[in-house]
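Worksheet: one structure, shown below.
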Amino acid sequence: MKTIFLKTLALALLAFGVAQAQKPLVKKDIQEQKIQSLIKKMTIQEKVGLLHANSKFYVSGVERLGIPEWALSDGPHGVRAEINRHDWAYAGWTNDSSTCFPPGTALAASWNPELAYERGLVLGDEARFRKKDVLLGPGVNIIRTPLCGRNFEYMSEDPVLISAMAVPYIKALQSKDVAASVKHWLANNQEDHRTSVDVTMSERALREIYLPGFKASIVEGGSLTVMAAYNKFRGDWCSENEYLNRDVLRKEFGFDGVLMTDWDAAHSTVKAALAGLDLEMGTDKKDYNEWYFANPLIKAVEEGKVPMAVVDEKVANVLRVMMKTKVLGDVKSRVKGVMNTPEHQQAAYNSAAEAAVLLQNNNGLLPLDFKKLKSVAVIGDNATRKHCGGGLSSEIKALYEVTPIEAIQSKFGNNVTINFARGYEKQSSFMEGSNAGQSNTDRVDWELIDEAVEAAKKSDVAIIFGGLNHDFDTESFDRQHMRLPYGQETLIREVAKANPKTVVVIIAGSPLELGGIVYRVPAVLWAWFGGMEAGNAVADILSGNVNPSGKMPFTLPVSLEQSPAHALGNFPGRDEKVNYEEDIMIGYRWFDTKKIAPQFPFGYGLSYTDFELGALSSDQSTYEKDDVVSVTFTVKNTGSRYGAEVAQLYVSDPVCTVLRPAKELKAFEKVFLQPGDSKTVELSVKVADLAFYDEAIKDWNVEAGDFILQLGNSSGNISQELRITVR
């Protein structure tokens with residue numbers, strides 16, 4: 001009886017397992033049947049209506065079949081204000097102010113995937129409240145050059161860090177029934193000539209550096225839409241590149257969502273249709289029926305140049321995304337969304353506070369004890385400037401934006417005299433598509449500097465808020481140089497002479513030359529564009545109410561010429577062609593391998609407390625190629641304040657048949673600890689992830705031999721090493 005019972009139980013469990021495994025398939029099959037049923041009922045005109053915009057941010061539906069209009073919105077770090085349907089002017093709504101988060105580089109600087117998830121939830125809620133179906137973000141392009149105008153929107157020079165932040169962002173956003181649109185597919189690493197430049201890179205660079213963030217966003221994050229970039233890739237526009245869109249995106253990544261153009265990035269009908277493009281957005285023709293995927297697509301089908309099956313495939317992709325986000329189907333259970341809640345504002349604050357990177361703190365000048373200070377000089381245009389409304393497609397109409405001077409006055413003004421001086425003025429101008437407004441912006445205004453010096457002399461401490469604004473960090477053009485504009489170095493020099501207790505706070509989203517600063521002032525804090533809670537976050541960090549825990553998501557070179565693309569003369573290209581000659585040696589990979597000392601390394605950031613990383617150990621010493629390497633170590637807060645450390649695990653392959661970087665980030669964890677507390681951390685790395693892309697065999701290759709695991713708190717500060725063997 002016992003044997004019969006066990007057999008019966010085993011069969012029952014097996015049947016249950018099969019049934020459970022089949023449930024998603026059945027649901028998917030039903031969904032696909034509904035899609036095909038709708039497609040069969042559509043005319044060619046109705047089908048094509050789903051494949052191109054009918055205004056700036058909307059796509060036509062099919063009213064008789066219950067398919068609603070599709071609403072898209074910019075929104076990598078906040079839902080953009082409402083645009084007029086047929087031009088770029090704002091519609092003038094009074095209820096479209098939203099929560100503004102710090103942009104992409106600041107998100108990555110937190111090194112905290114939980115914040116990325118929290119951001120995704122907020123963006124999803126606010127997009128749904130605004131009745132948006134697709135939110136255009138996140139941007140996951142590699143920061144290849146310090147000058148790219150869109151660096152502030154992107155995240156990092158490292159694909160592992162990008163992937164770790166993008167995946168939870170996308171999952172959270174789409175849990176609110178809003179489709180993400182990961183962008184810009186692919187190699188949009190410069191804005192100069194972005195609509196015409198042809199990018200060439202090795203297959204190895206593509207696979208190891210430029211694809212992983214997109215792959216993770218799609219395969220792990222499940223991004224429902226992808227936005228094709230403006231540029232060409234190996235001779236073909238990204239929107240009609242068969243290798244990228246059919247071979248990689250569809251076949252390799254298994255993507256069955258919507259591939260859309262960036263706005264006005266379509267160039268053909270037949271080639272784009274056959275290459276896998278689904279949706280045309282923003283084409284610069286007033287008659288929407290004349291867009292490439294409108295009447296010309298109908299004509300191409302009638303002439304036999306594009307099979308009807310290809311059109312049906314595209315329509316199915318659109319309907320599939322609509323169903324997954326409940327635009328179609330279970331519409332009653334679709335998330336309604338909320339806007340501008342206290343929880344949303346707290347999330348924006350958290351993001352800004354954890355992003356700030358303490359680059360220098362000589363003699364422990366920071367944090368400032370405002371209870372003991374009698375006066376503070378607050379200097380700089382960025383002390384009063386608001387930044388949420390800049391950057392073009394990422395600009396946000398924030399519900400409010402707290403500036404640093406407002407926060408300092410509000411928090412400490414009753415007890416401390418605040419001596420404000422502008423110090424420098426914005427000399428640049430903005431014109432979309434041209435960085436000419438950055439020219440001649442190095443003029444030193446001695447009248448303003450003299451006022452700042454006087455304010456510094458009569459104050460216990462001076463705080464200079466410098467850096468950039470969105471005349472420099474913006475979509476549509478790149479920066480002309482990496483220097484601080486507006487005579488800021490001269491300002492900092494003179495103020496530091498007048499008051500040795502000078503703190504410099506950098507507001508910027510891209511690398512800057514800091515060599516003229518770090519030897520003149522004791523403390524430097526990089527605070528990014530901090531979103532709507534920027535001022536509160538930076539004031540709390542300066543005062544010690546918050547312990548800085550951010551780490552640089554990119555390398556800060558001493559000079560522009562240190563960066564690989566510029567060292568090799570491969571930016572912005574020549575004759576509208578650019579070859580990524582530096583190959584896989586991007587960012588810290590280049591600096592560490594070439595033994596070039598940057599100003600501050602990738603992953604670097606100080607704290608008001610101290611941490612100790614304990615001995616690194618692995619679960620085995622020898623691994624097979626299908627194994628997972630598990631390492632453990634302790635992190636201890638040996639200081640006197642609560643804080644967080646980011647433990648970073650790098651790997652190197654000292655003996656290899658191809659050139660490999662000195663180290664590559666493979667895993668990390670942010671650990672929060674009270675003084676004296678410690679935590680045991682376990683990080684895992686698949687042996688398969690130790691591979692390089694072998695162009696000879698056109699596949700990933702883990703060569704047998706030794707690998708060195710390196711543990712540290714930046715790429716430039718490795719405290720533990722451990723050798724393992726792969727058989």
Side-chain angles (χ1 to χ4, degrees), residues 349-350 352-380 382-384 402-421 423 452-467 491-492 495-507 517-528 530 533-551 605-611 637-645 672-677:
Y349 172 87
N350 295 343
E354 281 199 44
V357 182
L358 182 60
L359 292 177
Q360 184 166 288
N361 193 23
N362 298 339
N363 304 318
L365 177 58
L366 293 177
L368 302 174
D369 189 345
F370 281 87
K371 293 179 181 178
K372 295 181 179 179
L373 296 174
K374 294 181 179 179
S375 57
V376 174
V378 177
I379 299 166
N382 269 344
T384 61
V402 180
T403 64
I405 186 67
E406 289 172 342
I408 291 172
Q409 288 174 333
S410 173
K411 291 174 182 289
F412 313 114
N414 290 336
N415 302 312
V416 178
T417 299
I418 309 297
N419 299 313
F420 173 72
V453 167
E454 289 305 310
K457 283 180 178 178
K458 63 182 181 182
S459 302
D460 296 335
V461 175
I463 308 172
I464 301 175
F465 289 88
L491 166 69
I492 293 166
V495 169
K497 286 194 296 184
N499 190 331
K501 293 183 177 181
T502 295
V503 179
V504 172
V505 180
I506 298 293
I507 309 296
I517 296 175
V518 295
Y519 301 110
R520 290 190 166 112
V521 300
V524 180
L525 179 72
W526 193 293
W528 311 100
E533 284 285 337
N536 285 328
V538 76
D540 285 346
I541 290 168
L542 291 171
S543 67
N545 187 47
V546 170
N547 193 344
S549 62
K551 302 282 187 177
L606 302 175
S607 171
Y608 295 153
T609 190
D610 297 305
F611 295 94
N637 184 341
T638 59
S640 59
R641 290 175 176 266
Y642 172 75
E645 178 65 293
F672 292 83
L673 293 170
Q674 294 288 349
D677 284 356

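Position 1 is the first residue of the sequence; numbering continues from there. As the structure is a computational prediction, the values presented were derived from the model and not from experiment. The figures that follow rest on heavy atoms only: side chains count, while hydrogens, waters and symmetry mates do not.
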Original post:
When you check the gap from the basic side-chain N to the acidic O, do K411 and D540 get nearer than 4.0 Å?
Top reply: yes

Original post:
Is the number of heavy atoms from other residues, nucleotides or ligands within 6.0 Å of CG (D369) greater than 12?
Top reply: yes

Is the closest side-chain heavy-atom distance between [X] and [Y] below 4.5 Å?
{"X": "T403", "Y": "F465", "value": "no"}
{"X": "L368", "Y": "I463", "value": "yes"}
{"X": "N415", "Y": "K371", "value": "no"}
{"X": "L673", "Y": "T609", "value": "no"}

Indicate the atoms forming the closest heavy-atom contact of [X] with [Y], along with that distance.
{"X": "N637", "Y": "D610", "answer": "OD1-O, 3.2 Å"}
{"X": "Q360", "Y": "P522", "answer": "CG-O, 3.3 Å"}
{"X": "N419", "Y": "S375", "answer": "ND2-CB, 4.0 Å"}
{"X": "I379", "Y": "A456", "answer": "CD1-CB, 4.5 Å"}
{"X": "N499", "Y": "T502", "answer": "O-OG1, 2.5 Å"}
{"X": "S543", "Y": "F412", "answer": "CB-CZ, 3.5 Å"}

Kindly compute the distance separating [atom1] ([X]) from [atom2] ([Y]), expressed to the nearest 0.5 Å.
{"X": "T384", "Y": "F420", "atom1": "OG1", "atom2": "CZ", "answer": "4.5 Å"}
{"X": "I418", "Y": "F370", "atom1": "CD1", "atom2": "CZ", "answer": "6.5 Å"}
{"X": "N536", "Y": "I541", "atom1": "CG", "atom2": "CD1", "answer": "11.0 Å"}

Donor-acceptor pair, distance only, cut-off 3.5 Å: does the side chain of [X] make one with the backbone of [Y]?
{"X": "K457", "Y": "A498", "result": "no"}
{"X": "N361", "Y": "A523", "result": "no"}
{"X": "E406", "Y": "G535", "result": "no"}

